Each structure stands twice: as C-alpha cells, then as structure tokens.
2 protein chains.
Amino acid sequence: MSESAPKFRREPAEHRKEALIQATISLVAERGVAGATVREIAKQAEVTQGLIRHYFSTKEELIMAAFEHHMRHMTNLTAAPVAGIHISHKARLAAFVVTGLKPPVATPRFISLWAGFLNKVRNDAQMRVIHEKTYYDFRDRLEALIKNALIEANKPATPTQLRRLAIACNAVIDGLWLEGGALPSAFKPNELPEIGLASVGAIVGLDLDDPGDLS
Amino acid sequence: MSESAPKFRREPAEHRKEALIQATISLVAERGVAGATVREIAKQAEVTQGLIRHYFSTKEELIMAAFEHHMRHMTNLTAAPVAGIHISHKARLAAFVVTGLKPPVATPRFISLWAGFLNKVRNDAQMRVIHEKTYYDFRDRLEALIKNALIEANKPATPTQLRRLAIACNAVIDGLWLEGGALPSAFKPNELPEIGLASVGAIVGLDLDDPGDLS
DNA sequence: TCTATTATTATACAAATGTATAATTATCGA
DNA sequence: TCGATAATTATACATTTGTATAATAATAGA
C-alpha cells in the first residue's frame with residue numbers, strides 16, 4: 001500500500017471551463033438564476049468551489065461565458081439543419097422555421113434559460129452586446145433565407161420589404177417558441193411547427209406546406 | 001413643545017399593500033429579481049422592512065401578488081382601448097395589435113418585468129397558474145376579435161382555424177413586443193406597429209392598414 | 001528521480017438576505 | 001380623556017452568498 005489513490009485529477013483548462021459552463025447552464029435552466037450559486041455550480045461540475053475563481057475571475061464572468069455559449073448553441077441548432085444540403089430555397093426556409101419550433105429548441109428548459117439570462121441583459125452592457133449580436137445573427141440568416149426563397153419563386157422583394165419580412169417572421173418564430181416553451185400543455189403535438197409554416201408562408205406570400213421542387 | 005411630530009402614519013391596508021406591490025414591480029423592472037430584496041422594497045415603499053411581513057407572510061407571497069397585479073395591468077392596457085367604443089370589428093382588431101406594440105406595453109421596462117417573473121414560473125406552481133390564466137385570457141380576447149372581424153368581412157372561419165389564427169397572431173404580437181422591448185434601437189419609430197398590422201393582416205387574410213368602415 | 005509549477009482543495013470572512021421577535025406608538029371607540 | 005388594538009418600527013439571528021487566501025498535491029520537464 002505504498003501508493004494511494006490520487007485525490008483529484010488535473011484536467012485541461014478547456015475541459016474544466018466547459019464543465020463549469022455546462023453546470024451553470026444546467027442550473028440556470030432548472031433552478032433559475034437564483035439557483036446558480038457558485039457552490040451549486042461547483043458541485044454540479046464535480047469540483048470544489050475555489051476552482052471557479054481559478055478559471056473565471058468573477059461569477060459574472062462565468063455567467064456571461066455561459067450566456068454566450070448557450071446563444072451560439074441555440075443559433076447553431078436552428079441554422080445547422082438548413083446549411084449545406086441541396087434542397088430548394090423554399091424548403092430551406094421551411095426547415096428553418098420547423099427546427100426552431102421543435103425540441104430541443106422549443107422546450108421549457110430553453111425558455112427558462114433565455115428568461116434567466118435576459119434578466120441580466122438590462123443592467124449589464126456586456127450581456128447586452130451578446131444579446132444584440134445573437135439577435136442580428138439570427139435575423140440576418142432568416143432574411144437571407146426569405147430573400148432566396150422569393151427570388152426562386154420569381155417574387156423578388158426590395159431591401160426594405162425584406163427587412164420587414166424578416167422582422168415579422170422572426171417575431172412569429174420567437175412568439176410561437178415562447179408560447180410553446182412556456183406553456184407546452186396548451187398545444188397539440190406538431191401544432192406549433194404547422195402554425196409556424198402557415199404563418200410565415202402567409203407573411204412572405206409563399207406556400208411553405210407545399211414541399212416544392214427538390215433540386 | 002408638548003407635541004412632537006408623529007413618527008409614522010397608519011395607512012389603510014390596501015394602500016400599503018399597493019405601495020409594496022408597486023415597489024416590488026419597480027425594483028424587478030429596474031434591477032432584476034436579484035435587486036428586489038425585502039430591504040430595498042421597504043425602502044422604495046417608504047416603510048421599514050418589518051412591515052412587509054405584516055402584510056405578506058413571506059417574500060414569495062409578495063412577489064406573486066406583484067406578478068398577478070402586473071399581468072392584469074398589462075392585459076388591461078392592451079384590451080381596454082378596444083372595448084366599448086363603436087368601431088368596426090376590423091378596426092378593433094387593428095387597435096388591439098397596435099396598442100400592444102407601442103409604449104407603455106412595448107418597453108424595456110415591461111420586458112424586464114416579464115422576464116424576471118417568468119424565471120420563477122418554472123419552479124412555482126402558483127406562479128404557473130397565474131401565467132397560464134393570463135395567457136389564455138389574452139389569447140381568447142384576440143380570438144374573439146379575429147372571429148368578429150372575419151364574420152364582418154364575410155369570411156367566417158371554423159373553430160379549429162380560429163384557434164390557429166389566434167395562436168399565430170398572438171405569437172406575432174408577442175414576438176414583436178419582445179424584439180422591440182429587448183432591443184429598441186433595432187427599430188424605427190412606428191415600425192413595429194406597422195409590421196404588426198401587416199403580419200396579422202396577412203395571417204388572417206384581412207387588410208388591416210385599410211381603416212375600413214367605421215360604424 | 002527530483003524539483004518547480006500550478007491546478008486543485010480547504011478554510012476563512014465579511015456582507016447581504018429572509019425571517020422572527022420584541023418594543024413602540026398612532027388611532028379608534030367608549 | 002383614556003385604554004385597547006394593531007400598525008409600525010427596532011433589533012436580532014441563522015444562513016447563504018461571493019470572494020479571498022492559505023495549504024496541498026498532481027504533473028510536466030530537467
């Protein structure tokens with residue numbers, strides 16, 4: 001018995017940061033911002049609380065990192081399925097809408113996370129920057145999809161029109177996402193994606209239910 | 001100098017409750033849920049902190065009362081302008097949309113409040129009940145407006161269609177409200193109400209920009 | 001193998017928070 | 001005018017919180 005089990009392991013810095021960020025996200029989602037204390041975060045990440053300060057000089061810094069991480073994750077979840085594959089632009093737009101209104105994006109968990117973080121956006125300039133960036137990124141992607149779908153249908157729109165269509169469609173998606181996540185019991189399965197397709201279709205003037213021409 | 005100035009005044013219970021609720025709302029709006037501590041609430045309401053427990057047996061009870069109060073207030077703000085007055089049903093629907101997308105409803109303050117409270121909805125059954133009630137109340141009013149406007153235009157819809165239209169229009173309004181309140185700088189003056197009218201109009205199949213027939 | 005580095009744990013601390021209880025005092029009715 | 005009631009203040013207390021510092025030990029490199 002000359003050798004005793006090591007009391008801890010040194011992990012690569014990025015692993016630990018990632019674990020702490022994931023723990024933070026998990027706690028904000030499940031117990032709200034108030035539940036995300038340094039001690040609970042450390043417990044969830046399976047480290048002692050002192051280690052947090054080794055990687056993040058303050059708790060706010062960790063919260064911000066988690067916010068940024070989650071927002072990027074969410075945009076990727078929605079945008080990824082429509083990138084790369086070779087389908088019509090209309091089908092791309094439809095896929096984008098549907099993806100944002102199904103799990104895992106449209107879930108109580110994501111709503112909680114978003115509401116928890118948003119609460120801090122008001123009083124923190126850096127949080128506001130992240131929020132702003134995420135918003136424009138999402139809306140710009142949507143605008144590009146709409147633009148291409150309209151050109152494809154031989155109904156091109158002016159920049160001003162496109163801007164307004166993107167704002168409106170973004171609102172429909174956000175609103176349905178919110179309703180579904182905040183009160184899941186109020187909707188039937190698949191109802192939200194269906195309503196999303198019909199509404200975005202009505203706004204931009206395309207029939208998104210029609211699968212259309214797959215190239 | 002036999003008489004000294006009274007050290008405090010006894011107020012009617014409802015006044016004090018109202019003051020405490022208003023103080024809570026104000027703090028949640030401006031400093032987030034974390035800023036709404038019993039001491040700050042008491043200071044804002046100009047009482048000492050012990051008094052809070054005299055009217056609310058726990059802090060959660062006060063928060064809930066504030067949530068309910070604010071939600072009722074918000075629904076009233078949106079619904080009141082369209083009640084009573086004698087205009088066409090289409091104009092009523094249009095007014096409802098516009099009111100929800102202008103100050104004081106569509107403001108950063110209201111978004112902060114809403115996000116702050118929503119954060120507690122996830123883990124508190126009573127908060128969930130209030131949220132649910134408010135949501136259905138708002139959506140039902142909207143559905144009634146849509147129904148009447150469609151009948152008026154000789155385009156009656158089935159209950160299933162109406163339900164979906166109400167969900168979709170509610171989403172547009174909520175989404176635009178959210179976008180505008182969370183990032184006011186991203187929109188031009190009046191842009192949100194205009195987009196709201198155009199989008200809701202496109203979804204239900206009515207031209208809401210047209211003032212229509214005033215009865 | 002040994003040493004320096006630093007990741008990690010362990011402990012401490014002051015401030016803030018919700019709640020509880022005791023002490024005052026404004027105010028109403030007799 | 002005076003005593004009873006309860007609205008209000010004053011004080012206390014145990015917990016929790018974020019942060020800071022000291023102690024330990026895993027691990028890479030010489």
Side-chain angles (χ1 to χ4, degrees), chain A residues 1-24 27-28 31-67 116 119-120 123-124 126-127, chain B residues 1-24 27-28 31-67 116 119-120 123-124 126-127:
Chain A
M1 294 285 250
S2 61
E3 306 259 325
S4 60
K7 298 190 174 173
F8 58 84
R9 267 184 42 200
R10 294 191 170 194
E11 295 280 342
E14 286 314 308
H15 280 201
R16 278 276 136 90
K17 282 196 171 191
E18 172 78 15
L20 289 169
I21 285 173
Q22 287 299 345
T24 305
L27 280 165
V28 172
R31 299 190 218 166
V33 274
T37 67
V38 288
R39 283 165 180 81
E40 284 300 316
I41 293 170
K43 190 189 293 180
Q44 184 110 350
E46 294 182 306
V47 296
T48 54
Q49 63 152 317
L51 195 60
I52 290 181
R53 249 182 75 76
H54 188 76
Y55 290 107
F56 300 92
S57 66
T58 187
K59 187 194 170 185
E60 288 309 305
E61 204 178 289
L62 170 54
I63 296 279
M64 264 188 40
F67 181 42
N119 201 236
K120 307 213 165 216
N123 297 288
D124 187 315
Q126 298 185 74
M127 293 283 281
Chain B
M1 293 285 253
S2 60
E3 305 260 324
S4 61
K7 297 187 173 171
F8 58 84
R9 267 184 40 201
R10 294 190 171 195
E11 295 278 344
E14 287 313 309
H15 281 200
R16 277 275 135 90
K17 281 197 172 188
E18 172 78 14
L20 289 169
I21 286 173
Q22 286 300 344
T24 305
L27 279 164
V28 172
R31 300 190 217 166
V33 274
T37 68
V38 288
R39 284 166 180 79
E40 284 299 317
I41 292 169
K43 191 189 294 180
Q44 185 111 352
E46 296 183 304
V47 295
T48 53
Q49 65 152 319
L51 195 59
I52 290 182
R53 248 181 75 76
H54 188 76
Y55 289 107
F56 300 93
S57 66
T58 187
K59 186 193 171 185
E60 289 307 307
E61 202 177 291
L62 170 56
I63 296 278
M64 264 188 38
F67 181 42
N119 201 235
K120 308 214 162 214
N123 297 288
D124 186 316
Q126 300 186 70
M127 294 283 282

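Order of the sequence lines fixes the chain letters, A, B, ..., with proteins taken first and strands second; residue numbering starts at 1 for each chain. Remember, predicted model here, so these are calculated numbers, not experimental data.
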Asks: Starting at CZ of Phe56(B) and ending at P of dA20(C), how long is that distance when rounded to a whole Å?
Replies: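 Taking CZ of Phe56(B) and P of dA20(C), I get 16 Å after rounding.
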Asks: Roughly how far apart are Thr24(A) OG1 and Leu62(A) CG, rounded to 0.5 Å?
Replies: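 Separation between the atoms: 3.5 Å.
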Asks: With the side chain of Lys59(B) defined as its heavy atoms from C-beta on, choose the nearest nucleotide among dT19(C), dT25(C), dT6(C).
Replies: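 Out of dT19(C), dT25(C), dT6(C), the nucleotide with an atom closest to Lys59(B)'s side chain is dT19(C).
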Asks: Could you check whether atom CD of Gln126(B) has more than 12 heavy atoms from other residues, nucleotides or ligands sitting under 6.0 Å from it?
Replies: no
Asks: Counting only side-chain heavy atoms from C-beta out, which of dG18(C), dA25(D), dG18(D) sits nearest to Phe8(A)?
Replies: dA25(D)
Asks: Separation of Glu11(B) atom CD from dA6(D) atom C1', in whole Å?
Replies: 15 Å
Asks: Out of dT9(C), dT8(D), dT6(C), which has the shortest distance to the side chain of His54(B)?
Replies: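 Nucleotide nearest to His54(B)'s side chain: dT8(D).
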Asks: Write down the distance between CG (Leu51(A)) and P (dT19(D)), rounded to a whole number of angstrom.
Replies: 15 Å
Asks: dT9(C), dA26(D), dG18(C): which one has an atom nearest the side-chain heavy atoms of Lys7(A)?
Replies: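 Within the option list, the nearest is dA26(D).
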Asks: Supply the atom-to-atom distance Lys120(B) NZ to Met127(B) CE, rounded to the nearest 0.5 angstrom.
Replies: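 That separation rounds to 7.0 Å.
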Asks: Quickly, which of Glu60(A), Glu61(A), His54(A) forms a side chain to side chain donor-acceptor pair (under 3.5 Å) with Ser57(A)? Name it, please.
Replies: Glu61(A)
Asks: Just call it for Thr37(A): base, sugar-phosphate, or nothing, with non-hydrogen atoms closer than 4.0 Å on any strand.
Replies: sugar-phosphate
Asks: dA7(C) P sits how many Å from His15(A) NE2, rounded?
Replies: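 So the NE2-P distance, His15(A) to dA7(C), works out to 15 Å.
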Asks: What's Arg39(B) touching, base or sugar-phosphate or nothing? Going by heavy atoms closer than 4.0 Å.
Replies: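 Since a base atom lies under 4.0 Å of Arg39(B), the category is base.
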Asks: Would you kindly say whether Glu18(B) and Gln22(B) are connected by a side-chain donor-acceptor distance under 3.5 Å?
Replies: yes
Asks: On DNA chain C, check which nucleotide each of Arg16(A) and Ser57(B) is closest to and give me the residue with the more 5' one.
Replies: Arg16(A)
Asks: How would you label the contact of Arg9(A) with the nucleic acid (heavy atoms, under 4.0 Å): base, sugar-phosphate, or nothing?
Replies: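 Contact class for Arg9(A): sugar-phosphate only.
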Asks: Within the structure shown, what part of the strands sits under 4.0 Å from Tyr55(B) by heavy-atom distance: base, sugar-phosphate, or nothing?
Replies: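 Result for Tyr55(B) = sugar-phosphate.
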Asks: Whole angstroms only, please: what is the NZ-C1' distance between Lys43(B) and dA16(C)?
Replies: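 Whole-Å distance recorded here is 12 Å.
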Asks: Enter the distance from Thr48(B):OG1 to Lys43(B):NZ here, rounded to the nearest 0.5 Å.
Replies: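 The OG1 atom of Thr48(B) sits 13.0 Å away from the NZ atom of Lys43(B).
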Asks: Please determine, for the side chain of Arg53(A), which listed nucleotide (dA6(D), dT21(D), dA7(C)) has the closest atom?
Replies: dT21(D)
Asks: Would you indicate, yes or no, if dT19(D) has its OP1 or OP2 atom less than 4.0 angstrom from a side-chain nitrogen or oxygen of Thr58(A)?
Replies: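 Yes, Thr58(A) has a side-chain N/O under 4.0 Å of OP1/OP2 on dT19(D).
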Asks: If I take atom CD1 in residue Ile63(B) and atom P in nucleotide dT17(C), what distance separates them, rounded to the nearest angstrom?
Replies: 13 Å
Asks: Ile41(A) CD1 to dT17(D) P: how many Å, rounded?
Replies: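 So the CD1-P distance, Ile41(A) to dT17(D), works out to 11 Å.
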Asks: Side chain of Gln49(A), heavy atoms from C-beta onward: which of dT19(D), dA7(C), dT19(C) has the nearest atom to it?
Replies: dT19(D)
Asks: Find the distance Arg10(A):CZ to dA26(D):P and express it as a whole number of Å.
Replies: 9 Å
Asks: Judged by each residue's nearest nucleotide on DNA chain C, which is more toward the 5′ side, Ile52(A) or Ala36(B)?
Replies: Ile52(A)
